[in-house]
A.B. asks: 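Got a structure for you, questions after.
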Amino acid sequence: MADHENKSVFLHAADLHLGAPLQSLGTRVSEEVRANALLRSQKAFENLIDLAITEEVAFVVLSGDIYDKADRDPAARRRVLKGLRRLHESGIPVFIAHGNHDPLTASAMGAELPDNVVVFPSNEVGVHEVLLPNGVTVTIAGISYSSSEETRRLVENFKLVNGQSIVGVLHTNVGGVSAHGNYAPSSVQELENSPVHYWALGHIHDRQVSATTKGWWAYPGNLQGRSTKTTECGPKGVLLVPIDSDGRFEEPQFRPCDVMRFERCSVDLSAVTDDATVYDRVSDALDKLVDAADSRPVFVRLEFTGATPIASVLNSRWDAFALEIIEESSEVLGPGAIVKIDRSYRPAIDLRDERERETLLGAVLRRLDSDAELTGNPELREEIERTLATALGGDR
Ligand SMILES: [Mn+2]
């Protein structure tokens, strides 16, 4: 118990993209579902604030791209101010670094921010201290982008920061991950060589926590997924980072704050011989996603895979079939929806036809027909034929 009392926790979030439109719901989703999703998406920031207050965090760090647009959508701005004021009432300091989506331009300086909020400058690293209840002093250092295409290697600027427990707040692309713009480029080695103990990073939407010799560098990922791109799928939220009574940073813990989920879902049709089974498979797979989402609406990109005997049936009535799948799924998905269906299935190989062909597969199958041992063992024979068809059949 004493241990617990001596431990403090701070909240690390990034890439909130508040005010972002939900364009990626596609054309198949109804206006009602779309409007509902947009309304819900605005709750994720409130969840962050609620979590910070109920967990009694020592401070909050927001590592860039708080807003989706440099001009800060006014409604999003009001919601941010409301949340920051609630943290102010709870005595929780907030440290903000701006990123490529919301660079710190002169017009974007928030004169109305409550005084528990520190916005890091863009010309140099700002340094602040927070005294934790356990007596540890944490140094929080950070820098904002001055433009949407920040090219400076900003990790450099942290080299003179000193303190027992340093949090570095930065929007950066560590290692030049190609799926994201290579802004404020940095390398793992640069992070290692800096005096910072916990790098509170932003920019990469995939959550990532890595140990260093001094502590950690971590991307919490975005607060709320926005599409079925793989980096936007799955649970999204924030990291809670414990600091022990010696001022050491313990492994950050993920806590979801998202109000809906985006998921990809693959359904294998290789052993499926009729439509009804396809519906069953789909609803089983969706059920699992809905359960895992803990009553959040789920938006799904469905993919049918496998070499299937019903390929030609599906192809002949694809549009009607896709509509049926979407309608039937709405029961399982409730306020969620299927946003896209990918056709990655292919026709199963017909072994009788194949025996007639002058192909390697045809030749091997004909050879098997004359094998006395296999004639007496139909199960083994079927298994061998199936394996051969997969290995030698190619992309027919
Ligand atoms: Mn960014």
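Order of listing sets the numbers, starting from 1, for every ligand and every atom in it. For this chain, numbers begin at 1 and follow the sequence in order. The model shown is predicted, which means the values in this text are computed figures rather than measured ones.
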A.B. asks: Is the distance from the Mn ion (ligand 1) to the nearest N/O/S atom of Asn100 under 2.8 Å?
C.D. replies: yes
A.B. asks: How about His101: does one of its N, O or S atoms come closer than 2.8 Å to the Mn ion (ligand 1)?
C.D. replies: no
A.B. asks: More than 12 heavy atoms of other residues, nucleotides or ligands under 6.0 Å from CG of Asp369: yes or no?
C.D. replies: yes
A.B. asks: For the residue pair Tyr145 and Tyr183, does the interplanar ring angle fall in the parallel (under 30°), tilted (30 to 60°) or perpendicular (over 60°) class?
C.D. replies: perpendicular
A.B. asks: Measure up the Trp318 and Phe304 rings against each other and bin them: parallel (under 30°), tilted (30 to 60°), perpendicular (over 60°).
C.D. replies: perpendicular
A.B. asks: Measure the spacing between CD of Gln224 and CG of Asp15 and express it to the nearest 0.5 Å.
C.D. replies: 13.0 Å
A.B. asks: Check His203 and report its N/O/S atom nearest to the Mn ion (ligand 1), by atom name.
C.D. replies: ND1
A.B. asks: Would you mind naming the N, O or S atom of Asp65 nearest to the Mn ion (ligand 1)?
C.D. replies: OD2
